[in-house]
Amino acid sequence: MSERKKLYALSGALVAICALFFILNAISSKKSSDFSKEERSNEQNKQQIEQKNKETSESESKKDEDAPKSAFLIPKAKNGATIALILDDAGQNTEFLSRYTSLPFPFAVSVLPELPHTKECAALVRKSGKELMLHQPMQSENLSLYPGPGSIQPEMTTSEIAAIIEKNLENLGGGVRGMNNHEGSLITANAVKMGAVLELCKKRGIYFLDSRTTTQSAASAVSLEMDIPILERNAPYIDNEIDREKMLSRIYETLNFANAHGQAIVIAHVDKSANILPALLLELYPHLIQNGYRFTTPSTLLKKTAE
């Protein structure tokens, strides 16, 4: 091969090598560019995810901040735990009663008959939308204790019992949904007397709630015999002791009973605990709702029980 041909061959090879270099460099640059774009895209996605997680975390944190902080030891509700609260002994004055009727949940108020402010208290309950009950006085086993005007006494006949309850219902005015006994350990233990009471309740279309002032009450057995459903207090009296912490303990017991049985019927007293209990219930209420508890009236509870 002549020197000229060798030179041409070498030049061609160099050109081919240069072309191959440029092609490889272009391919490498494209891959690098594509990788860089992918990397930037991944980084952007990562940042978006981190921002979203941050916003979600901040939102959950704000919800926790907005949720009512509880100093109470309230267990989570179970079995549809529902509370029916009855406030007894209304009729003495409207000032104490109004502290309760402004509370933001349903309950019942049981008004004593023939007292100075019976009619006013009954009217206040109706106006507030709470459930109105007659707190029917009945003689206790301690005969030295007078249960009050309009009471059922052991010497009364069944017709006299019906008549006194009718009179007391009229004294409260319209809208009475049910009645429970005020004291009455002597009367509720008497099957004949309770038969007369339940017969009148059936006639007037109202329910009877046994306050369970004695373990010897015949009300449940009579109701089964007469096929007239009744209700019974099944949780402790909240305010037997006028002390905030002791009342709170009774409320905890009520919650435990409701969690075990699905519902609890609990009683407190309007005048007796008016300086403590309304404020305590108002403070507790948002925490109870947050933990899944529900409030209802005795009539609603009886209706659900019958279904």
Side-chain angles (χ1 to χ4, degrees), residues 72 74 77 80-112 118 120-136 172-173 175-182 206-212 230-240 244 247-248 250-259 261-305:
F72 303 110
I74 300 173
T82 302
I83 312 296
L85 169 66
I86 299 94
L87 293 165
D88 278 356
D89 293 356
Q92 305 287 346
N93 71 73
T94 56
E95 179 190 349
F96 286 163
L97 179 57
S98 65
R99 298 181 189 179
Y100 288 97
T101 54
S102 61
L103 291 172
F105 55 87
F107 56 86
V109 179
S110 199
V111 181
L112 288 162
T118 290
E120 295 164 87
C121 287
L124 179 57
V125 176
R126 283 190 291 269
K127 183 179 179 181
S128 71
K130 308 306 182 187
E131 185 156 292
L132 177 61
M133 296 174 62
L134 167 65
H135 198 29
Q136 174 59 52
L172 266 63
V176 178
R177 301 296 302 278
M179 62 176 278
N180 68 328
N181 53 294
H182 172 62
I206 62 176
Y207 59 81
F208 179 76
L209 189 151
D210 188 354
S211 301
R212 296 291 297 174
I230 67 168
L231 295 163
E232 296 178 292
R233 177 185 63 83
N234 51 24
Y237 284 100
I238 292 176
D239 53 359
N240 274 350
R244 176 187 162 93
M247 290 185 198
L248 186 57
R250 302 294 84 75
I251 291 171
Y252 288 152
E253 289 177 37
T254 299
L255 299 182
N256 290 335
F257 187 91
N259 283 330
H261 302 278
Q263 52 86 6
I265 300 173
V266 63
I267 292 177
H269 301 85
V270 170
D271 299 323
K272 186 177 180 180
S273 54
N275 291 325
I276 300 174
L277 189 56
L280 177 58
L281 290 172
L282 185 62
E283 191 178 349
L284 274 167
Y285 176 67
H287 305 293
L288 292 170
I289 295 301
Q290 183 186 12
N291 281 282
Y293 294 91
R294 294 178 290 186
F295 288 86
T296 192
T297 59
S299 63
T300 302
L301 197 60
L302 183 62
K303 182 180 178 182
K304 288 183 178 179
T305 302

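Just so you know, these numbers come straight off a predicted model, no measurement behind them.
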What one should report as the nearest heavy-atom pair of Pro236 and Glu253 is CG-OE1, 3.5 Å

Give a yes or no on whether the backbone of His269 and the side-chain of Asp239 come within a donor-acceptor separation of less than 3.5 Å. yes

Is there a donor-acceptor pair closer than 3.5 Å between any side-chain N or O of Arg177 and the backbone N or O of Glu131? no

Between Ser128 and Val125, what is the shortest heavy-atom contact and its length? OG-O, 2.8 Å

Would you call the rings of Tyr285 and Phe295 parallel, tilted or perpendicular, where under 30° means parallel and over 60° means perpendicular? tilted

Rounding to 0.5 Å, atoms OG1 (Thr297) and CG (Leu85) come to a distance of 11.0 Å

Within the distance-only criterion (no hydrogens, no angle test), does the side chain of Ser110 pair as donor or acceptor with the backbone N or O of Asp88 below 3.5 angstrom? no

Does Asn234 have any side chain to side chain donor-acceptor pair (under 3.5 Å) partners at least two apart in sequence or in another chain, and if so, which? Gln263

Between Ala264 and Phe257, the two heavy atoms sitting closest are CB-CD2, 4.0 Å

Please tell me if the side chains of His135 and Asn180 come closer than 4.5 Å, counting only heavy atoms from C-beta onward. yes

Do Phe72 and Glu283 come close enough that some side-chain heavy atom pair is under 4.5 Å? yes

Rounding to 0.5 Å, atoms CD1 (Ile267) and CZ (Phe107) come to a distance of 14.0 Å

Looking at Val109, is its backbone amide N or carbonyl O close enough to the side chain of Lys130 to form a donor-acceptor pair, meaning the two atoms are under 3.5 Å apart? no

What pairs with Arg294 under salt bridge (charged side-chain N to carboxylate O under 4.0 Å, His left out), at least two apart in sequence or on another chain? none

Answer yes or no: is there a side-chain heavy-atom contact under 4.5 Å between Ile83 and Leu288? no

Are Leu124 and Ser98 close enough that some pair of their side-chain heavy atoms sits under 4.5 Å apart? yes

Are the side chains of Ser273 and Ile238 in contact, using a 4.5 Å heavy-atom criterion? no

Pairwise side-chain contact, Leu284 with Ile74, heavy-atom cut-off 4.5 Å (strictly under): yes

Whether the side chain of Arg233 engages the backbone of Ala235 through a donor-acceptor N/O pair (distance < 3.5 Å, no angle test) should be reported. yes

Quick one: closest heavy-atom pair of Leu172 and Met133, and the distance? CD2-O, 3.5 Å

Go through Arg244 and Asn275 one step at a time and tell me if the side chain to side chain contact (heavy atoms under 4.5 Å, CB included) criterion holds. CA-CA 10 Å; Arg244 176 187 162 93; Asn275 291 325; over 6 Å; no

When rounded to the nearest 0.5 angstrom, what distance separates NZ in Lys303 from OG1 in Thr305? 12.0 Å

Side-chain touch Ile251/Leu281, heavy atoms, less than 4.5 angstrom: yes

Heavy atoms only: give me the nearest Pro278-Leu103 pair and the separation to one decimal. O-CD2, 3.6 Å

When you measure from the side chain of Thr118 to the backbone N and O of Leu112, does any donor-acceptor pair fall under 3.5 Å? yes

In the structure I gave you, are the side-chain heavy atoms of Ile206 and Ser299 within less than 4.5 Å of one another anywhere? no

Holding to side chain to side chain donor-acceptor pair (under 3.5 Å), I want the full list of residues that pass it with Thr296, two or more places apart in sequence or in another chain. none

Closest non-hydrogen atoms of Ala84 and Leu301, given as atom of the first, atom of the second and distance, are CB-CD2, 4.0 Å

Pairwise distance CG(Leu132) to NZ(Lys127) - rounded to 0.5 angstrom: 15.5 Å

Rounded to the nearest 0.5 Å, the CG atom of Asn240 sits from the CE atom of Met247 at a distance of 9.5 Å

Does Asp89 form a side chain to side chain contact (heavy atoms under 4.5 Å, CB included) with Lys272? I'd like the steps, not just the answer. CA-CA 9 Å; Asp89 293 356; Lys272 186 177 180 180; over 6 Å; no

